[in-house]
Amino acid sequence: VLLDRHPVSWSFLLAARPAGHEITTLEGLGDGQSLHPIQQAFVAERALQCAYCTPGFVLAVRALLDENPRPSDDEVREYLAGNLCRCAGYADILRAVRAAQEKLRAAAT
Ligand code: FES
């Protein structure tokens, strides 16, 4: 989940029970009618296989692009290093990050 727009483990929140903070879940990214552009990019780029890791990656990408809208490939890899995909879809995930950047850039203009 995102705690005040920064990725943290859900188990951390269960233990800490922080009050007065903004918590964003995967379900909270979209507008209730359609998927968020990052979610759309993950689907379009087939960056989810079993989807076990997907919520963490999508929320981490959201935090990354909020902090740095134009990260290099190395910056993306470094930022997402705490997220593990046992299906090894890392190349697809990197393509999804690039597609999400385009979608977000297009939506902003
Ligand atoms: Fe299966 Fe990442 S898609 S663990």
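Order of appearance sets the numbers: ligands from 1, and atoms from 1 within every ligand. In this text, all values refer to a predicted model and were calculated from it rather than measured experimentally.
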E78 atom CD, over 12 foreign heavy atoms within 6.0 Å: no
Numbered atoms of ligand 1 (with element) below 4.0 Å of C50, judged on heavy atoms: 1 (Fe), 3 (S), 4 (S)
Atom indices of ligand 1, in the order listed, that fall short of 4.0 Å to a heavy atom of C85: 2 (Fe), 3 (S), 4 (S)
Atom CZ of R46: over 12 foreign heavy atoms under 6.0 Å: no
Sub-4.5 Å side-chain heavy-atom contact between Y52 and C87: no
Sub-4.0 Å atoms of ligand 1 with respect to non-hydrogen atoms of Q49: 3 (S)
F42 and F57 aromatic ring geometry - parallel, tilted or perpendicular at 30°/60° bounds: tilted
Minimal non-hydrogen separation, E75 against R70, with atom names: OE1-O, 4.2 Å
Heteroatom N/O/S of C87 within less than 2.8 Å of atom 2 (Fe) of ligand 1: no
Shortest protein heavy-atom distance from atom 4 (S) of ligand 1, along with the residue and atom involved: R86 N, 3.2 Å
G89 heavy atom under 4.0 Å from ligand 1: no
